[in-house]
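Keep in mind the model is a prediction, meaning the values are calculated, not measured. The sequence lines fix the lettering, A, B, ..., with proteins before strands; numbering per chain opens at 1.
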Amino acid sequence: MPLRLFDTIAREKVELVPREPGKLSMYVCGPTVYDVPHVGHGRTATTFDVIRRYLEWRGFAVTFVSNVTDVEDKIIARAATTGSTEPEIAAVFEAAYWEQLDRLDVRRPDHVPHATEYIASMQALITELVDRGHAYVVEGQGVYYDVVTFPSYGALPHRSLEQLLESAGARVEVDDAKRNPVDFALWKAAKPGEPVWDSPWGPGRPGWHIECSAMSLDLLGEGFDVHGGGDDLAFPHHENERAQAEGAGHAFARHWIHSAMVQVGGEKMSKSLGNFTTLAEALDAHGPRAFRMAVLQAHYRRAIELGDAELGSAAAAVDRLDALVRRAQAAGITASTADEVAIARFRDAMDDDFSTPAAMAVVFDAVSAAHQAITDGDHARVASMLATVASLTGAVGLDLAAAETGGDAEVDALVARRNDARANRDFAAADAIRDDLAARGIVLEDTAGGTIWHRA
RNA sequence: GGCGGUGUAGCCGAGUGGCUCAGGCAAGGGUCUGCAAAACCCUGGACGCGGGUUCAAUUCCCGCCACCGCCUCCA
């Protein structure tokens with residue numbers, strides 16, 4: 001069965017045929033590092049981490065690139081208000097970004113290009129666009145893309161040039177320097193106090209969109225396979241990237257994937273609305289695995305809430321996974337060979353536009369089967385289901401936590417004392433020890449194979 | 001205004017023209033346990049509203065209502 005994904009341009013599920021057999025190249029737009037990451041960044045990063053991991057589990061050699069925008073208006077503004085420099089601001093918040101993504105077990109990209117490292121590539125691209133008549137220079141202002149010269153402009157958001165021209169300016173003031181309201185800056189002339197690079201068009205800095213065109217082509221080459229990002233980037237950012245790359249004569253991304261937003265009370269989570277929760281807060285409160293589980297239990301193209309209720313529920317779901325591992329561990333059962341039927345069901349679900357909710361249903365079906373098998377004493381089946389669960393959760397980057405029996409001498413000693421008390425039928429003493437441990441976040445479970453414990 | 005999306009049981013969230021209508025969380029009852037915890041068994045209940053097509057619609061078509069996203073920076 002072919003692997004299909006919902007391509008934003010095609011507006012339907014299409015088969016993913018790699019540029020080179022067995023290899024996939026992906027570019028995903030990363031953050032502008034001017035503030036700490038919020039829950040929305042976490043969702044997008046997790047979504048594409050899951051896709052990347054699944055594609056690798058599926059056998060593809062994936063080259064995954066995700067950029068960091070380290071020169072941009074908001075970084076400049078932040079530097080100005082805090083009295084620090086743009087590179088300092090970018091460094092601080094990029095570090096904060098990776099810190100949280102590491103907690104989430106999002107794998108680092110193969111390449112993390114920074115805008116400031118690719119100025120020369122961007123300038124080469126802009127020069128090509130000017131030479132080909134797709135861009136024009138406005139003295140003292142910068143270089144703009146002449147959108148009417150790119151016939152397919154609007155293909156990504158599925159809007160005609162007429163529609164775009166009509167609605168442009170509806171929400172934002174039009175810059176008089178531009179020939180058309182939809183034209184966008186490729187190069188911005190220097191203003192006092194801003195970071196500056198020399199260029200054929202005078203000192204200045206790149207527009208936002210050009211960096212992704214230049215960096216993706218430099219690192220992944222002509223006609224790379226997949227370009228992704230949050231769906232708020234589809235227009236204008238991604239459409240502009242496409243116009244820049246193709247206008248300069250390059251074959252650009254062959255497929256586009258966009259992941260949906262995180263909402264708060266039914267509205268998009270965003271800095272401007274002030275309704276965001278930082279990723280650090282969310283991970284502190286419910287744990288990174290609960291976050292990943294919550295993301296997995298909804299489809300990536302659907303807007304979701306990721307508040308306390310949702311993350312709390314997901315944390316309980318993760319605990320059901322862990323409980324299986326603990327129970328099997330206590331029974332002395334280790335994983336054997338994964339069940340082929342379940343593996344196939346999982347693959348079918350994931351191959352259908354990365355349907356992680358259906359895929360997780362397969363996982364939980366295996367969890368239930370394993371629990372039933374333990375209850376029934378069918379150890380061979382437990383071993384197989386355990387292998388299945390481990391393989392499938394691993395495919396989407398979700399780790400399983402084993403019981404910590406033997407991992408902490410003090411706790412183990414208390415557990416032993418409690419079991420002595422139980423043997424003597426001194427249940428008051430036994431319960432006192434259990435309550436004491438519970439207060440420290442340690443949960444005991446008495447199984448046929450002995451008492452095991454884990455942290456809540 | 002333009003383009004697009006969504007409305008499913010207490011909550012989250014898949015999916016399908018009919019076959020016991022995923023999965024997770026929560027709730028009630030039972031089993032196990034000294035009591036718990038974990039687990040197992042059982043239970044309830046759903047497809048925004050109004051039409052239409054059909055033997056049969058939550059699923060297709062039309063209309064309506066509500067909510068959301070993009071059209072500005074944004075993951």
Side-chain angles (χ1 to χ4, degrees), chain A residues 8 11 28-32 34 37-48 72-74 154 157-160 162-164 166-173 182 208 228-237 258-263 266-273 276 279 293-294 296-299 301-307 309-324 326-327 330 349 355-365 367-368 370-372 374-376 403 422 425-428 430-431 434-435 438 443-448 451-454:
Chain A
T8 309
R11 218 178 238 179
V28 175
C29 283
T32 299
Y34 71 102
H38 61 61
V39 165
H41 295 100
R43 187 203 185 173
T44 300
T46 301
T47 293
F48 286 102
E72 203 268 342
D73 291 358
K74 287 193 287 294
H158 296 96
R159 271 168 245 159
S160 68
E162 292 70 40
Q163 288 173 326
L164 290 167
E166 276 175 29
S167 62
R171 292 171 58 195
V172 69
E173 286 180 39
V182 290
W208 174 40
D231 73 10
D232 54 349
L233 297 184
F235 187 84
H237 182 57
H258 291 97
S259 64
M261 297 290 101
V262 171
Q263 299 191 326
E267 286 194 314
K268 176 179 170 179
M269 176 179 287
S270 70
K271 286 280 164 57
S272 52
L273 285 172
F276 63 92
L279 188 52
M293 176 65 81
L296 287 166
Q297 287 189 309
H299 188 84
R301 284 191 285 114
R302 292 287 282 268
I304 53 170
E305 305 269 337
L306 285 175
E310 291 78 14
L311 293 174
S313 171
V318 168
D319 199 48
R320 180 166 164 78
L321 253 38
D322 291 344
L324 171 63
R326 293 196 301 268
R327 204 174 164 216
S355 296
T356 56
M360 293 312 291
V362 175
V363 171
F364 280 105
D365 282 347
V367 170
S368 293
H371 275 306
Q372 286 164 23
I374 294 176
T375 300
D376 297 344
R422 289 173 68 213
R425 303 196 66 80
D426 182 359
F427 297 121
D431 290 350
R434 184 169 65 195
D435 291 346
V443 180
L444 302 188
E445 294 173 4
D446 297 323
T447 77
T451 299
I452 59 175
W453 61 270
H454 67 280

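Taking atom C1' on both nucleotides, B:C60 is separated from B:C55 by 16 Å, rounded to a whole Å. Comparing B:G17 with B:A57, their C1' atoms are spaced 6 Å from each other, to the whole Å. Spacing between B:U6 and B:C64 at atom C1', rounded to whole Å, works out to 16 Å. The P atoms of B:U8 and B:C68 are separated by 15 Å, rounded to the nearest whole Å. Annotation: B:U54 and B:C49 have their P atoms spaced 23 Å apart (nearest Å). B:U43 and B:G10: their C1' atoms are spaced 15 Å apart (whole Å). The gap from the P atom of B:A14 to that of B:G24 amounts to 15 Å, rounded to the nearest Å.
For the pair A:F364 and B:G23, the ring geometry does not qualify as stacking, because the centroid separation below 5.5 Å and plane angle under 30° are not jointly satisfied.
One finds a side-chain N or O of A:Q372 lying less than 4.0 angstrom from the OP1 or OP2 phosphate oxygen of B:C41. Put simply, A:R320 has a side-chain N or O that comes within less than 4.0 Å of OP1 or OP2 on B:A39. Residue A:K268 places at least one side-chain N or O closer than 4.0 Å to OP1 or OP2 of B:C70. At least one side-chain nitrogen or oxygen of A:R302 sits closer than 4.0 Å to the OP1 or OP2 atom of B:A14.
Along RNA chain B, the nucleotide closest to A:A303 and the one closest to A:P31 are compared, and the more 5′ of them pairs with A:A303.
A:R422 comes within contact range of at least one nucleobase, with a heavy-atom separation under 4.0 Å.
Here B:C12 presents its P atom at 13 Å from CD of A:Q297, a figure rounded to the nearest Å. The CD-P distance, from A:E310 to B:G24, rounds to 18 Å in whole Å.
When both pairing distances are held under 3.5 Å, B:A36 makes no Watson-Crick or G-U pair with any nucleotide shown.
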